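Below: one structure, written as structure tokens.
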Amino acid sequence: MRFMSKNLRMSNEQLDDEHAASAVTNDPAEAQKKSFWRRIRSRKDAGKKLFWAWVAYQSIKGAITLTLIWIPLMLLWFRPS
């Protein structure tokens with residue numbers, strides 16, 4: 001939202017200058033640099049999705065471990081002899 005509000009406050013000349021500065025160049029090093037940052041940005045987006053997949057995995061793993069290992073061990077430990 002911040003990006004949109006910045007663009008709304010900019011004049012057309014400022015937008016044209018900014019677009020010209022970010023235009024694609026024929027320099028391979030510059031193209032590789034931009035693609036590097038684009039790859040970093042895409043990994044951050046993928047990382048956010050993977051984080052929630054990791055949280056779900058850990059929750060399921062914890063529930064299974066609790067159910068199949070810790071609860072039976074506690075029942076055996078506290079069972080009256």
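All residue numbers refer to positions in the sequence shown, counting from 1. Nothing here was measured: the structure is a model prediction, and the numbers come from that model.
- A distance of 13.5 Å separates CG of L66 from NZ of K61, quoted to the nearest 0.5 Å.
- Criterion: ILVMFWY side-chain heavy atoms under 4.5 Å apart, direct or through other members. Under it, V55 and Y57 are not part of a common hydrophobic cluster.
- To the nearest 0.5 Å, the span separating CG on L76 from CD1 on I71 amounts to 12.5 Å.
- Placement of L68 and M74 in two distinct hydrophobic clusters is found when ILVMFWY residues are connected by side-chain heavy-atom separations under 4.5 Å, directly or transitively.
- Tracing side-chain contacts under 4.5 Å through hydrophobic residues (I, L, V, M, F, W, Y), one reaches L75 starting from W70; they form part of the same cluster.
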